[in-house]
Amino acid sequence: MNIQATDIATYNFAYLDEQTKRMIRRAILKGIAIPGYQVPFASREMPMPYGWGTGGVQVTASIIGPDDILKVIDQGADDTTNAVSIRAFFKKVADVAVTTETEKATIIQTRHRIPEAPLHAGQVLVYQVPIPEPLRFLEPRETETRKMHALEEYGLMHVKLYEDIARHGHIATTYAYPVKVEGRYVMDPSPTPKFDNPKMNMSPALQLFGAGREKRIYAVPPFTKVVSLDFEDHPFEIQKFDQPCALCGAEQVYLDEVILDDKGGHMFVCSDTDHCEKRREDGHRGHMAPENESRASPSSSAGPSPRKDGEEEAPTLTPPSPRPLRGEGKGEGQHQTFEKSREAE
Amino acid sequence: MYVAVKGGDAAISNAHQLLADRRRGDRSVPALRLDQIVEQLALGVDRVMAEGSLYDRELAALAIAQARGDMIEAIFLVRAYRTTLPRFGYTLPIDTAAMQVERRVSATYKDLPGGQLLGPTFDYTHRLLDPEIATGTPVAEPERREAEAGWMPRVSEILAHEGLIESDGELPEDHVTGDLTREPVEFPLERDLRLQALSRGDEGFLLALAYSTQRGYGRSHPFVGEVRIGEVEVEIDVPELPFAVPLGRIRVTECQMVNQFKGSAKVPPQFTRGYGLVFGQSERKAMAMSLCDRALRAREFGEDVVAPAQDEEFVISHSDNVQATGFVEHLKLPHYVDFQAELGLVRGMRAEHEARKRGDDQETREAAE
Amino acid sequence: METQAIDGGFANPVFDAQAVFRAVMDAMARPGTIQPCGGLTVPPAPLSPVAGAVALTFCDNDTPLWLDPALQASAAAKHWLGFHSGSPLAHTPADAQFALVSSPAELIALENFAQGTQEYPDRSTTLILQVTSLSSGENLLLEGPGIEKAAMLAPTPLPRHFVEQWKQNRARFPRGVDVILAAPEGIACLPRTTRIKTMEA
């Protein structure tokens with residue numbers, strides 16, 4: 001019985017052992033040299049589940065150093081639970097400085113969004129990728145899709161997109177919209193909305209993609225052509241919102257729909273919380289912004305109403321309440337309690 | 001530089017506290033000790049070691065306690081720990097013929113050298129709930145006899161003697177045994193990697209696949225050549241020393257499935273093999289594994305790949321429960337950005353649909369007029 | 001020779017390797033830029049401190065390493081690399097994941113190294129060329145991914161007919177080798193995507 005807490009608690013800087021880091025670093029280097037090509041790597045089990053960003057975390061852990069400043073976003077927001085959790089992980093295992101400000105970050109790990117503020121040279125954007133293979137839903141076999149990439153045989157993808165057009169009059173893919181990198185590899189941009197696709201093209205930042213469960217790393221170097229697939233008669237278009245952000249008034253940004261009541265009331269606010277806060281600090285106001293907002297608190301997300309620090313737990317995660325919880329009774333009682341509480345709601 | 005983001009922090013920390021509370025449960029009930037789990041939930045511990053790919057009973061017991069008895073969560077905990085351990089080297093192949101056998105049964109022979117040893121099996125228990133276990137009634141010491149030291153030939157060797165079964169499989173001289181935890185998987189796989197994946201694979205998934213082969217989805221006419229459970233010596237070669245260094249003993253379950261095979265253009269009629277080997281005591285897993293192994297060798301024997309259990313990419317890509325549970329459960333993470341994109345699309349398409357319909361109605365009306 | 005083999009590795013293996021990796025990553029991502037090497041080694045001659053640092057950053061017992069004849073001839077350098085990286089020596093250049101070249105001017109043709117396959121173009125050799133300068137050689141005009149318009153680099157010494165060889169390497173894309181240039185002033189890289197023109201042309 002030699003499971004002392006200290007035995008288990010000694011981890012390397014940034015969690016991964018040096019041999020694993022070297023392996024991942026070699027894969028990153030190849031990824032950069034072959035833009036858009038998915039480099040197989042021996043992904044490790046991480047202390048968070050597959051699907052929670054293990055690929056992105058492994059990439060970040062392999063590149064991060066003591067001088068880095070890390071930003072983590074999920075759905076564009078710094079305060080979504082998993083973003084908070086990953087940021088806390090790196091604070092803990094790498095003692096690294098963290099920020100919510102896009103501008104100040106040297107490494108930005110993201111799930112599903114590219115920040116609205118333009119990225120600059122020297123920044124690294126690390127994407128968490130669930131299914132790296134853009135052809136996977138057309139051909140489930142790795143042995144086949146690998147051949148297609150080798151032969152640059154992307155007809156299947158064009159057929160799929162064209163079938164959309166035939167059926168709907170336009171391409172019905174709204175996120176994870178496939179791109180072609182530097183005229184060679186068709187690549188999955190991860191499930192970012194296609195709104196973000198143009199930001200990938202000729203970006204001054206280095207873009208790294210990590211898929212942990214699928215064991216692939218790929219990259220888009222800075223200043224690399226990234227073109228969304230389309231047709232001459234049906235050019236690629238991004239989503240348009242017909243109203244500005246209700247809090248900061250921003251236009252030409254990606255918006256989240258926030259439900260206000262159960263009667264169809266809703267508002268649209270910036271998905272990029274840092275962008276929204278910056279704009280409000282600069283005095284921009286949307287039509288539903290609070291009248292005398294003295295300052296945008298760094299913790300407030302772009303929710304419908306400004307909330308005080310520390311009050312922000314999701315309702316499902318509140319600490320144990322003194323009243324008996326539903327379903328703790330036995331037999332019929334459980335059923336009754338459930339019925340009753342439903343009525344109460 | 002550090003900017004605190006408080007909302008999620010508080011929620012997460014509260015959730016963890018609540019989890020710890022629920023894990024402990026009623027404080028008036030004594031806390032489980034790891035040795036209790038190791039001793040009394042031993043097969044659960046074995047499963048966590050097998051699918052966690054780490055032979056350490058205490059760690060597996062800790063994982064089970066920490067996971068509140070959720071086996072896949074416990075397996076995940078062990079895997080995440082295992083991945084951080086340095087590799088000192090690879091052990092020599094274990095020799096199951098030299099196993100100190102605790103249980104050994106063969107379905108293909110009535111009696112055989114070494115005999116049939118029933119051992120600690122559920123097989124002939126009547127599944128009647130036993131109140132004595134609830135009351136903690138003392139349990140009598142079992143009958144024991146001196147273990148027959150030495151060597152117990154495997155059934156496959158008996159068949160091989162007559163040339164009735166395929167040889168144990170050859171890999172090229174310079175073949176380095178693969179390790180899918182250190183190298184990315186590349187299809188098609190060699191059998192070594194396939195067996196490693198199956199050995200780590202989810203018991204339930206392999207069980208269902210194995211069952212499907214018996215029901216005709218890739219039928220392989222299996223017989224249990226033998227199942228044996230017991231302890232084997234683990235040894236490692238140290239370059240500086242002229243002999244292999246023993247590291248200790250581990251308990252394993254081995255299953256050799258013998259499958260009738262009519263022969264093909266490539267291969268003469270003979271019995272073929274399916275192999276299963278897992279940490280600890282788990283016949284279900286070892287037997288399911290050996291059926292899946294045989295099914296996955298279809299191409300090797302020139303058989304048509306027609307059933308899910310024969311499809312290597314399908315089986316191996318989906319057998320890992322840590323991967324599977326992660327990806328299935330990640331759907332509960334926020335996806336509202338993508339959902340927003342889909343909302344926009346569906347609204348747009350509905351509007352177009354309405355407009356078309358109005359247009360059609362208009363035309364119909366005009367035509368009617 | 002014993003102490004020579006053991007001394008001179010990274011003073012701080014975790015952070016030095018990270019710093020050197022970031023320099024190489026940035027150099028690979030932005031060909032033509034010169035990134036200061038974040039951590040140094042003190043290897044035996046003819047291996048240079050920067051080339052030694054790059055080798056220790058990437059090589060270990062999983063990466064067959066090819067040494068050019070000048071390094072092969074130095075028992076001290078071989079021992080040093082063996083002790084600090086654990087890399088097995090590649091039997092042929094085509095088996096090498098990395099090639100360490102102390103004397104680029106005498107290097108065998110690039111096509112001898114692993115080029116990767118069409119399915120797995122990543123299975124190619126990365127060459128670490130130890131150069132004396134990145135600015136005093138012939139001016140090379142670089143274009144391609146990682147470069148906004150054009151970049152300039154003047155490394156020396158380079159392998160014979162390098163520009164012509166590189167054109168052939170480029171033509172094999174997605175197959176081909178990548179080059180890390182290790183100079184006293186820092187690190188520059190030439191990924192296989194980079195197009196090179198000489199200034200005269």
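Chain A is the first sequence line, chain B the second, and so forth, proteins listed ahead of strands; every chain is numbered from 1. As a basis for the values below, the full set of heavy atoms in this structure was taken, side chains included, without hydrogen atoms, waters or symmetry mates. Predicted, not measured: the structure shown is a model, and the values here were computed from it.
- In this structure, A/Arg167 places its CZ atom where only 12 or fewer heavy-atom neighbours from other residues, nucleotides or ligands lie under 6.0 Å away.
- Put simply, the side chain of B/Thr325 does not reach to within 4.5 Å of the side chain of A/Pro49, judged on heavy atoms.
- Using a 4.5 Å cut-off between heavy atoms, A/Leu255 contacts chain B through its backbone alone, with no side-chain atom that close.
- For the pair B/Glu329 and A/Trp52, the minimum side-chain heavy-atom distance is below 4.5 Å.
- Looking at B/Tyr336 and A/Glu257, their side chains never come closer than 4.5 Å, going by heavy atoms from C-beta outward.
- Sparse packing is recorded around OH of B/Tyr217, with 12 or fewer heavy atoms of other residues, nucleotides or ligands lying under 6.0 Å away.
- Chosen from A/Glu142, A/Gln19, A/Gln239, the residue pairing most often with chain B at heavy-atom distances under 4.5 Å is A/Glu142.
- Residues A/Glu144 and B/Glu313 form no side-chain contact, since every pair of their non-hydrogen atoms from C-beta on lies 4.5 Å or further apart.
- Most heavy-atom pairs under 4.5 Å with chain A, from the set B/Leu331, B/Leu85, B/Thr83: that is B/Thr83.
- Looking at A/His170 and B/Leu345, their side chains come closer than 4.5 Å, going by heavy atoms from C-beta outward.
- Residue-environment remark: CD (A/Glu237) stays at or below the threshold of 12 foreign heavy atoms within 6.0 Å.
- Within 6.0 Å of the CZ atom in B/Arg350, the count of heavy atoms belonging to other residues, nucleotides or ligands does not exceed 12.
- No part of A/Met23 comes within reach of chain B, as not one of its non-hydrogen atoms sits under 4.5 angstrom from that chain.
- Considering only heavy-atom pairs separated by less than 4.5 Å from chain A, the leading option among B/Leu343, B/Asp179, B/Leu333, B/Leu180 is B/Leu333.
- Rounding to the nearest 0.5 Å gives a distance of 10.0 Å between CG of A/Asn12 and OG1 of B/Thr84.
- Of the listed residues A/Thr143, A/Asn82, A/Asp17, A/Thr20, the one with more heavy-atom pairs under 4.5 angstrom with chain B than any other is A/Thr143.
- Looking at A/Glu214, there are no atoms closer than 4.5 Å to chain B (heavy atoms on both sides), in backbone or side chain.
- Interface remark: B/Leu77 contributes no atoms to any contact with chain A (heavy atom separation under 4.5 Å).
- Neither the backbone nor the side chain of B/His353 comes within less than 4.5 Å of any heavy atom in chain A.
- Proximity to chain B is absent for every atom of A/Arg146, based on heavy atoms less than 4.5 angstrom apart.
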Checklist entry - Between A/Arg111 and B/His330, is a side-chain contact (heavy atoms from CB on, under 4.5 Å) present by the stated rule, with each step listed? => result CA-CA 12 Å; A/Arg111 178 168 170 263; B/His330 107 285; 4.1 Å; yes
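- Minimum interatomic distance between B/Asp338 and A/Thr192 (heavy atoms only, all atoms of both residues): OD1-C, 4.4 Å.
- A/Gln75 places none of its side-chain heavy atoms less than 4.5 Å from the side chain of B/Phe339.
- Using a 4.5 Å cut-off between heavy atoms, A/Phe195 does not touch chain B at all.
- Residue B/Arg299 qualifies as open at atom CZ: its count of foreign heavy atoms under 6.0 Å is 12 or below.
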Item to check | Check against side-chain contact (heavy atoms from CB on, under 4.5 Å), A/Lys215 and B/Gln323 | outcome: CA-CA 11 Å; A/Lys215 301 176 169 52; B/Gln323 289 175 8; 2.9 Å; yes
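- Interface with chain A: from residues 182-191 of chain B, residues B/Arg182, B/Glu183, B/Pro184, B/Phe187, B/Pro188 qualify, criterion being any non-hydrogen pair under 4.5 Å.
- Between A/Pro130 and B/Phe327, the shortest heavy-atom distance links the atoms CB-CE1, 3.5 Å.
- By the neighbour-count criterion of 12 heavy atoms within 6.0 Å, atom CD of B/Glu39 is sparsely surrounded, having that number or fewer from other residues, nucleotides or ligands.
- Contacts between A/Thr80 and chain B at a heavy-atom distance below 4.5 Å involve the side chain alone, from C-beta outward.
- Both the backbone and the side chain of A/Asp256 come within less than 4.5 Å of a heavy atom in chain B.
- In this structure, the side chains of A/Arg44 and B/Arg82 stay at 4.5 Å or more apart for every pair of heavy atoms.
- Between chain A and the options B/Gly344, B/Ser317, B/Ala341, heavy-atom pairs under 4.5 Å are most frequent for B/Ala341.
- Using a 4.0 Å cut-off between charged side-chain N and carboxylate O, A/Arg141 and B/Asp311 make a salt bridge.
- The 12-atom threshold is not exceeded at CG of B/Asp304, counting heavy atoms of other residues, nucleotides or ligands nearer than 6.0 Å.
- Heavy atoms of A/Tyr177 lying under 4.5 Å from chain B are absent altogether.
- Closest approach of A/Ala42 and B/Thr181 over heavy atoms only: CB-O, 4.4 Å.
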